[in-house]
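Everything below concerns the one structure shown next.
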Amino acid sequence: MSDCGKQRSYGPQGARPTSGERIPGSSDRIAQNPLRPTPLTRAWPGKNAGDVEHEIRRVVGRTCAERFGPKWYEANKEHCDEYPFASTLEGAANDDFDFSVKLIPECASCTADSTQSIFWMRYKVLPGDTFYVKIYDGQ
């Protein structure tokens, strides 16, 4: 993975969580709570697919403006990225969970989006399927 790609692999670690207590999808959380692990769920595409992702991106945009300033992109030339992913039901607009945001280079954002699309296809992750994310430090 390129250096830019490594920048996005922060998941539940290394970013600025809203509180950090209820961030789903980490495989590390299975060991912490084996009876109630919280996976991520791929959102459903279709008629309302854009509604879920649009709402998540709206919440993320507002949070990034609050944390990094109203003109964070112009000031940093970086994207404000979120975890859990906007393509999951557990994303930033879901009040049952916390989320994290981080400014990352544009190339990292593009690389991660491509990697996620490949993941959906390679492992045949369909809408409604659940999965966990293992965070690596890039080594």
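A distance of 11.0 Å separates CG of L89 from CZ of R42, quoted to the nearest 0.5 Å. Atom CZ in R67 sits 11.0 Å away from atom CG in L103 (nearest 0.5 Å). Of the inter-residue distances, the one linking K77 atom NZ with W72 atom CH2 reads 11.0 Å to the nearest 0.5 angstrom.
With sequence neighbours left out, R58 forms a salt bridge (charged side-chain N to carboxylate O under 4.0 Å, His left out) with E55.
In plain terms, the two heavy atoms of V59 and A92 that are nearest each other are CG1-O, 3.6 Å. Closest approach of A43 and P127 over heavy atoms only: O-CB, 3.6 Å.
When side chains are defined from C-beta on, I56 does not count as touching F99, because their heavy atoms never get closer than 4.5 Å. F97 places none of its side-chain heavy atoms less than 4.5 Å from the side chain of L40.
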Inset, instruction - Show the numbers, then the answer: is there a side chain to side chain contact (heavy atoms under 4.5 Å, CB included) between V60 and C64? - result: CA-CA 6 Å; V60 168; C64 291; 3.9 Å; yes

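Within the structure, the side chain to side chain donor-acceptor pair (under 3.5 Å) test picks out the following pairs touching residues 85-94 (sequence neighbours left out): T41-E90, S87-Q116.
Looking at K102 and E78, no side-chain N of the basic residue comes within less than 4.0 Å of a carboxylate O on the acidic one, giving no salt bridge.
A centroid separation of 6.0 Å or more is found between the aromatic rings of Y123 and F131.
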